[in-house]
Amino acid sequence: MEGPKTRGEIRVATNQSPPLVGHNVVTTDAALVEAVTRHASAEVVDDLAPLGAEAGTPEAREHGILANENHPTLRPYDRYGNRVDEVDFHPSWHWLMERAVGHGLAAAPWESDSPHAHVRRAAGFLAWSHTEPGHGCPISMTYAAVPALRVDDAVAKEWVPLLASTSYDPGLRPPAEKRGALAGMGMTEKQGGSDVRANVTVARPTSVVGDYTLHGHKWFTSAPMNDMFLVLAQAEGGVTCFVVPRVLPDGTRNQLDVVRLKDKLGNRSNASSELEFDGTIAHRLGDEGRGVRTIIEMVNATRLDCVLGSAGLMRRAVSEASWHVAHRSAFGGLLADKPLMQNVVADLAVESEAATALAVRLAAAVDDLADPHEAALRRIALPLAKFWVCKRTPAMVAEALECLGGNGYVEESVMPLLYREAPLNSVWEGSGNVNALDVLRALAREPAALEAWITEVGLARGADPRLDRAVDDALALLGDEATLEQSARRLAGRMAACLQGSLLVRFAPPEVADVFCASRLGTSYDGTFGTLAGGDLRAIVERTTPAGGG
């Protein structure tokens, strides 16, 4: 019989998993490496390796924790009583932002000559999200603003080079004095939410051609310290898009009051605010009455980032779970060797790989803007992926947290941070219903969108009978117009899963594709993780477990 432990032995923890640090977030993610190589090149993977190495450092992990523990604070007035409306961030926020911008994750792809700039940026955004997801919001909006700004050549010439810069230059100063700039967006209002045509903010023209003053309130505007915002308001001709600079060219601050910062479930490192306009100077972007059509390009780009961000959360969660079970013993052996735990982790891994494959495929479609098929595929696949991938993330992250047991429920594990963040991307840029209905809108108004989906999933036709049946089932749902809106979520989920299945059947290892088709495309699947029947689960777990670390 073993004797009592000494005081020194009691103080030493055993059978605890080491922290997941010291690994390369890019190069140890097989699904990401294969997707980037497939849609870009091995050279792009090599180019992203330094980002992946930095994202996996203990320093990055610590900064991610600190940025969330130390929330941004609103400072309406300075010490003298002047209205300044500034938000103060912890130094860790700036550390993360500086590297995200420096790695080219903001608007750099739009000014790049590389044919794979958007795939590179997408993979980098997904991987860098492992550090901390909240700061991805201003990075994403900066990326997404460019397609909308290009509606006006003069406005684009003024702003796009600054947004595409790889220099992080925080602080409120005139654009001409900055090495780089960040963009934000203000669409929703208290009374309307996603129904932006119900907006009541008024735009009044000034004596300067193209300039207006705005009067009203915005319910959600993230990152109020950004340099410019795209905002919707009611002009005489209807809902119109405007560019609102934070600081005017003469150095004076625009009349823009930050009323309060939102107290959110997650995303706590990022400042989401309510703004009030009362004589705020704005420049019209596009024609009056065409505001929704103008800003929709920004919305589409941010939807892509919602998918990428959710895929990044999934990958971080399954990395932590697979790392833990590879190092934690219970009931006479490693958790990773227990058949039921293998089932759970393999299921999580397949979910993550499917999300990654679809997200990078969509980024590749942005790299080929002129191709009609790619344009039509973006139109249908963006709302499909936004609905499905983002909707799957909360349950997936919760299951990954559970793999760590009680250790996963404490803040130091990082799993609670991921769990609080998990619902965000499904809410932002149109909740589940908004995106499911947008799918129906695309199908009704743009026949090329359905053709693009059929063509894309058809590339795997005949490779797996379960996928073939799922595609046929999805098409059959379109036949009942009387219940189509009521069934919009079911249709969107089925069409998205078919896209994922097509990619995995064509490109993933056979064991991954087989498990995905048997579960997600089978008729008996109930969504519960860890209920896979058959398959080489150990191989899937080994594929997803990060190499190195500790």
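Since this is a predicted model, take the numbers as computed values, not measurements.
In this structure the side chain of K391 never reaches within 4.5 angstrom of the side chain of T393, judged on heavy atoms. Put simply, the side chain of V366 reaches to within 4.5 Å of the side chain of W110, judged on heavy atoms. Side chains of F277 and V231 form a contact here, defined as non-hydrogen atoms less than 4.5 Å apart. Between L491 and L443 there is a side-chain heavy-atom pair separated by less than 4.5 Å. Between N70 and T73 there is no side-chain heavy-atom pair separated by less than 4.5 Å. Contact check for N343 versus T531: no side-chain heavy atoms found under the 4.5 Å cut-off. Contact check for H71 versus D263: no side-chain heavy atoms found under the 4.5 Å cut-off. Side-chain contact between L358 and V307 is absent, with no heavy atoms from C-beta onward closer than 4.5 Å.
Within 6.0 Å of the OH atom in Y409, the count of heavy atoms belonging to other residues, nucleotides or ligands does not exceed 12. More than 12 heavy atoms of other residues, nucleotides or ligands shown are found within 6.0 angstrom of CD on Q191. The neighbour count for Q16 CD, taken as heavy atoms of other residues, nucleotides or ligands under 6.0 Å away, is above 12. Atom CZ of R441 has more than 12 neighbouring heavy atoms from other residues, nucleotides or ligands inside a 6.0 Å radius. Within 6.0 Å of CD in E86 there are more than 12 heavy atoms belonging to other residues, nucleotides or ligands. Within a 6.0 Å radius of OH in Y168, more than 12 heavy atoms belonging to other residues, nucleotides or ligands are found. Residue R490 places its CZ atom among 12 or fewer non-hydrogen atoms of other residues, nucleotides or ligands, all under 6.0 Å distant.
Counted by atom type alone, S426 and R392 present zero donor-acceptor pairs between their side chains at under 3.5 Å. A donor-acceptor pair shorter than 3.5 Å can be found between the side chains of S222 and S272. Judged purely by distance below 3.5 Å, without hydrogens or angles, the side chains of D169 and S167 never pair a donor atom with an acceptor atom.
Classified by interplanar angle (parallel below 30°, tilted 30° to 60°, perpendicular above 60°), the ring pair F89/W93 is parallel.
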task: Evaluate the criterion side chain to side chain donor-acceptor pair (under 3.5 Å) for residue pair T201 and N199; output intermediate values, then yes/no.
output: CA-CA 6 Å; T201 294; N199 283 4; over 6 Å; no

task: Take L105 and Y143 through the test side-chain contact (heavy atoms from CB on, under 4.5 Å) and record every step on the way to the result.
output: CA-CA 8 Å; L105 306 184; Y143 169 74; over 6 Å; no

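With salt bridges taken as basic N to acidic carboxylate O contacts below 4.0 Å, none links E274 and K218. D88 has a carboxylate O that lies under 4.0 Å from a charged side-chain N of R75, or vice versa, which qualifies the two as a salt bridge. A salt bridge links R121 and D305; the closest N-O separation between the charged side-chain nitrogens and carboxylate oxygens is under 4.0 Å.
Take F220 and apply the ring-ring contact (aromatic ring centres under 6.0 Å, His included) test, not counting sequence neighbours, and it matches W428. Residues forming a salt bridge (charged side-chain N to carboxylate O under 4.0 Å, His left out) with R83 (at least two apart in sequence, or on another chain): D85.
The two residues M415 and A400 make their nearest non-hydrogen contact at CE-C, 3.7 Å. Between W159 and A181 the shortest heavy-atom distance is CZ3-CB, 4.2 Å. Among all heavy-atom pairs drawn from A311 and L126, the shortest one is CB-CD1, 3.7 Å.
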Do any side-chain atoms of residues 97-104 form donor-acceptor pairs under 3.5 angstrom with protein atoms, and if so which ones, sequence neighbours left out?
unit_1 : atom_1 : unit_2 : atom_2 : d
R99    : NE     : E54    : OE2    : 2.9
R99    : NH1    : W95    : O      : 3.2
H103   : NE2    : E54    : OE1    : 3.0

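Listed for the S352 side chain is no donor-acceptor partner under 3.5 Å among the backbone atoms of L348.
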